[in-house]
J.: 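Quick one: structure below, then a few questions.
Throughout, a chain's letter reflects where its sequence line sits, starting with A, and its residues are numbered from 1.
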There are 2 protein chains.
Amino acid sequence: MFAEVLTIGDELLTGHTVDSNSAYIAQRLTEKGYWVRRKTTVGDDVEEIKTVIREILSRKPSVLIISGGLGPTHDDVTMLAVAEALGRKLILREDCLKRIEEFYRELYEKGLIDDPKLNEARKKMAYLPEGAEPLKNTEGAAPGAYIEHEGVKIFVLPGMPREMKAMLENEVLPKLGERKFIQRKLLAEITDESKLAPILNETLKRFPVKIHSSPKGFGKYIGIILFGEDEESIEKAKKFMEEKGIRFEEGW
Amino acid sequence: MFAEVLTIGDELLTGHTVDSNSAYIAQRLTEKGYWVRRKTTVGDDVEEIKTVIREILSRKPSVLIISGGLGPTHDDVTMLAVAEALGRKLILREDCLKRIEEFYRELYEKGLIDDPKLNEARKKMAYLPEGAEPLKNTEGAAPGAYIEHEGVKIFVLPGMPREMKAMLENEVLPKLGERKFIQRKLLAEITDESKLAPILNETLKRFPVKIHSSPKGFGKYIGIILFGEDEESIEKAKKFMEEKGIRFEEGW
């Protein structure tokens, strides 16, 4: 049961934009109990996107979340690449077209744009891969897409953070259901991280938990995340480490 | 002539940390004239790291920069994974061991840690893949590594941003040389990429340029990146293609 995240955009590969979207998506998936196994970023390039989507599908994740490249401009090619990667046609969706028309009319009536009419660029956003379920974009024009393909739940979201976040919360997460999985963030007070390693290794052997540790700067504190299926195993693991002489504070 | 970036760390996959390192690395590489083609992030897992490194090497980038997982804790496994991915042994480097010992002695003398002695966890950081050149870490304990492998320049850097940045600037970028290397992104308006191919091939024969082309939308546009050593050869190549009947727009 793992998930992958694919972010798309040349600006992410030139370093002009820091990819905070994939971190946000990964955090929400993790909170849902999914193990995010890999994140990938490629540019606005049909062949690159097709290739990486096929690679991801070959690893058989339960969930793939794609973000970026749904806009009206010529370099927004994500839906086309998704369709080609899945061997599906791109279909003009009348329901999406209607929604996009309404969106621009609202902008026009608010005086934000001077032409409410649909043009090719705006119309382009109404094309989804055959068999896709449109995902409502409450913050922008371009709809997202939900596609079940060979057992993988594929969600295609916009790249604009505000649009992506709203769609993730309202349209994606409800479709992923609730899974039982707990994380506990702790702060270990210790002057030297290297002394911690043997204790962590012994804890991993004895209890059904995963442990992530990372230095919080030199000196005092080491951040620790305990992952487990229930509070009890996390509590036992924590108690064991305390008996080994680690002093914990809750939270980071 | 492209580069790839691999960042490693569970905290990047849980969304606890936004991956600003890969953006920084991508920006500096782009400024050096490299086309960063893909960024990948995996967790602190030997098998995952091995797998993704082999995938990246199979795409034959000229440069691969890896960041994260060089510390003393149980989940810092990057050097081991790199060695295994390349089919090399991990070797204890006495020169690195000496530097690490000095580093902890300095921290001890500053009163930041209460034990200056080397232990297994600290010693672990002195192991590099066979044939690697150590990269000096001016900000932390763990050395980086530079490995030329089957024509790919592989750099392994720490994940702590301050350590990574110093090593990138002082140890990595100088090894990439001052490549006078320019990229020009163009849009070719053409309905059929196959018509483009013979023209591109002739251009490659006649001018000292490299060309990357890919569809950018619904058949109307082909994205083209012209790589050359100076503006003049790029301009000449562009002019030649225009004479062959390609209509260009600047930028993507």
Side-chain angles (χ1 to χ4, degrees), chain A residues 10 12-20 22-31 35-48 52 55 73-77 80 90 124 127 183 185 191-198 200-201 204 210-215 218-219 222-223 225 252, chain B residues 5 7 9-20 22-31 35-45 48 52 55 71-75 104 107 112-115 119-122 124 140 159-160 185 187 212 214-218 220-221 223 249 252:
Chain A
D10 290 334
L12 301 170
L13 295 179
T14 56
H16 288 122
T17 304
V18 172
D19 180 16
S20 57
S22 69
Y24 185 90
I25 293 165
Q27 184 169 16
R28 299 294 285 125
L29 286 174
T30 302
E31 288 163 3
W35 166 39
V36 177
R37 186 174 163 191
R38 191 188 289 210
K39 297 190 325 187
T40 311
T41 303
V42 292
D44 302 296
D45 181 304
V46 173
E47 289 310 312
E48 292 288 323
V52 71
E55 289 169 11
T73 63
H74 54 73
D75 62 353
D76 291 305
V77 297
L80 173 64
L90 266 185
K124 164 178 171 289
Y127 285 83
Q183 294 177 33
K185 281 185 183 174
T191 48
D192 172 14
E193 186 181 20
S194 60
K195 284 182 176 173
L196 193 63
L200 296 185
N201 289 330
L204 286 167
K210 281 170 150 270
I211 301 175
H212 168 68
S213 72
S214 60
F218 278 117
I222 306 293
I225 311 173
W252 282 9
Chain B
V5 179
T7 49
D10 291 337
E11 72 281 8
L12 301 170
L13 296 178
T14 57
H16 287 118
T17 304
V18 173
D19 179 17
S20 57
S22 69
Y24 185 88
I25 294 165
Q27 183 169 16
R28 300 294 284 126
L29 287 174
T30 302
E31 288 163 2
W35 166 39
V36 178
R37 186 175 164 190
R38 189 188 290 209
K39 296 189 327 185
T40 311
T41 303
V42 293
D44 302 295
D45 180 300
E48 291 289 321
V52 72
E55 289 168 12
T73 63
H74 72 283
D75 60 357
Y104 282 106
L107 290 185
L112 293 169
I113 59 173
D114 53 21
D115 181 358
N119 52 36
E120 279 316 303
R122 291 172 178 178
K124 165 177 168 288
M160 296 276 268
K185 284 183 173 179
L187 264 182
H212 168 71
S214 62
K216 303 291 288 185
F218 294 73
K220 199 167 166 27
Y221 290 104
E249 296 175 16
W252 282 8

J.: Does any backbone or side-chain atom of Asp45(B) lie under 4.5 Å from a heavy atom of chain A? Answer side chain, backbone, both or neither.
T.: neither

J.: Salt-bridge test for Lys39(A) and Asp19(B): reply yes if a basic N is under 4.0 Å from a carboxylate O, no otherwise.
T.: no

J.: Considering only heavy atoms, which portion of Leu200(A) lies under 4.5 Å from any heavy atom of chain B: side chain, backbone, both, or neither?
T.: side chain

J.: Which atoms of Ile211(A) are under 4.5 Å from chain B, going by heavy atoms: the side chain, the backbone, both sets, or neither?
T.: both

J.: Could I get the full list of salt bridge (charged side-chain N to carboxylate O under 4.0 Å, His left out) partners for Arg28(B), not counting sequence neighbours?
T.: Glu31(B), Glu169(B)

J.: Against chain B, label Ser22(A) side chain, backbone, both or neither, depending on which of its atoms sit under 4.5 Å from a heavy atom there.
T.: neither

J.: Could you look at Val5(B) and say if it's the side chain, the backbone, both or neither that has a heavy atom under 4.5 Å from chain A?
T.: neither

J.: At what distance, to the nearest 0.5 angstrom, does CG of Leu29(B) lie from CG of Leu13(A)?
T.: 11.0 Å

J.: If you compare all heavy atoms of Val52(A) against all heavy atoms of Arg38(B), which two are closest, and at what distance to 0.1 Å?
T.: CG2-NH1, 3.6 Å

J.: Quick one: are Asp10(A) and Lys185(B) in side-chain contact, heavy atoms under 4.5 Å?
T.: yes

J.: Measuring heavy-atom distances to chain A, does Thr30(B) have an atom under 4.5 Å in its side chain, in its backbone, in both, or in neither?
T.: side chain

J.: Testing the basics here: between Ala26(B) and Leu12(A), what is the closest heavy-atom pair and its distance to 0.1 Å?
T.: CB-O, 4.5 Å

J.: Could you check which of Val18(A), Thr14(A), Val42(A) has the highest count of heavy-atom pairs closer than 4.5 Å to chain B?
T.: Thr14(A)

